[in-house]
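For reference, the structure discussed in these notes is given below.
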Amino acid sequence: MKSILFKLFSMLLVIVVLTGCTNDEKTESNNNSGQNNATQNEKSNTSANTKEDQEEAKVTIILSKDKEAEVIDEKEVVIKDGDNLLAVMKANFDMVEEGGFIKAIEGIEYDEANKMSWMFSVNGEPSMVGAGDVKLNDGDTVNFDYQSWE
């Protein structure tokens with residue numbers, strides 16, 4: 001009887017050990033599979049980031065007169081995300097600035113006698129701060145309009 005119980009116990013032990021090893025192999029296989037997927041996702045994300053890095057951030061700058069009745073110039077310019085508007089204007093247009101105030105763009109000057117000046121909006125919203133304080137982002141549209149301030 002002891003011999004039968006010993007054999008039965010031994011077989012049960014072997015089955016438990018084999019079952020345990022099989023689950024470990026599956027778990028290890030699943031873990032490796034998960035690691036491979038994670039590595040593939042990282043490669044995919046790196047590839048996407050590289051493509052994003054290659055695409056340049058751009059803004060559209062429009063110069064107009066008389067509340068946009070006449071378009072003088074329109075340019076799409078490359079920026080670094082977060083560039084300020086004043087620096088971008090200086091780099092891309094013939095411009096005169098004094099103390100952060102834009103006095104002239106493309107030869108059209110501020111005219112105190114006729115109360116004409118450059119006003120600007122970003123994405124259709126009039127700016128409440130100076131051009132030096134406006135941070136630009138990819139896709140922004142800036143409109144400088146030469147108009148009466150009355």
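Remember, it's a predicted structure, so these values are computed and weren't measured experimentally. Reckoned from all heavy atoms, side chains included, excluding hydrogens, waters and symmetry mates.
Distance CG/Asn143 to CD/Glu74: 9.0 Å, rounded to 0.5 Å. How far CD1 of Ile61 is from CG of Leu85: 6.0 Å, rounded to the nearest 0.5 Å. Here Asp94 contributes atom CG and Asp73 contributes atom CG; the two are 11.5 Å apart, rounded to the nearest 0.5 Å. Taking OG1 of Thr60 as the start and CG of Asn123 as the end, the distance is 9.5 Å to the nearest 0.5 Å. Atom CH2 of Trp118 sits about 14.5 Å away from atom NZ of Lys103, to the nearest 0.5 Å.
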>> Between Glu106 and Leu63, does the side-chain contact (heavy atoms from CB on, under 4.5 Å) criterion hold? Intermediate values first, please.
In response: CA-CA 9 Å; Glu106 300 297 321; Leu63 303 180; 3.7 Å; yes
>> For a side-chain contact (heavy atoms from CB on, under 4.5 Å) check, start with the C-alpha distance between Thr141 and Val122, then their side-chain angles and the critical distance, and finish with the verdict.
In response: CA-CA 6 Å; Thr141 299; Val122 180; over 6 Å; no
>> What verdict does the side-chain contact (heavy atoms from CB on, under 4.5 Å) test give for Val96 and Ile102, after you've listed the backbone C-alpha separation in whole Å, the side-chain angles of each residue and the deciding distance to 0.1 Å?
In response: CA-CA 6 Å; Val96 177; Ile102 296 174; over 6 Å; no
> Can Met116 and Asp66 be said to form a side-chain contact (heavy atoms from CB on, under 4.5 Å), step by step?
Replying inline: CA-CA 10 Å; Met116 298 290 286; Asp66 301 321; 4.1 Å; yes
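Residues Trp149 and Ser117 come closest through the heavy atom pair CE3-CB, 3.7 Å.
Heavy atoms of other residues, nucleotides or ligands lying less than 6.0 angstrom from NZ of Lys80 number 12 at most. Crowding of Lys75 atom NZ: a count of heavy atoms from other residues, nucleotides or ligands under 6.0 Å exceeding 12.
The closest donor-acceptor contact from the side chain of Asn114 to the backbone of Asp111 lies at 3.5 Å or more, if one exists at all. When atom types are taken as modelled, the side chain of Asp138 and the backbone of Lys58 share a donor-acceptor pair closer than 3.5 angstrom.
In this structure the side chain of Lys65 reaches within 4.5 angstrom of the side chain of Ile108, judged on heavy atoms. Annotation: side chain of Asn84 is not in contact with side chain of Asp133 (no heavy-atom distance under 4.5 Å).
With no hydrogens or angles considered, a side-chain donor-acceptor pair links Asp145 and Ser64 at under 3.5 Å.
Clustering ILVMFWY residues whenever any of their side-chain heavy atoms sit less than 4.5 angstrom apart, transitively, puts Phe93 in the very cluster that holds Val88. Under the 4.5 Å side-chain heavy-atom criterion for ILVMFWY residues, no single connected hydrophobic cluster contains both Met128 and Val142. Both Ile72 and Ile105 are members of a single hydrophobic cluster when ILVMFWY side chains are connected at heavy-atom separations under 4.5 Å. Tracing side-chain contacts under 4.5 Å through hydrophobic residues (I, L, V, M, F, W, Y), one reaches Val59 starting from Met95; they form part of the same cluster. Ile62 and Met89 fall into different hydrophobic clusters, where Ile, Leu, Val, Met, Phe, Trp and Tyr residues are linked whenever their side-chain heavy atoms come under 4.5 Å apart, directly or through other members.
By the salt bridge (Lys or Arg N to Asp or Glu O under 4.0 Å) test, Lys90 pairs with Glu97, sequence neighbours left out.
Ring centroid separation for the pair Tyr110 and Phe101 comes in under the 6.0 Å cut-off.
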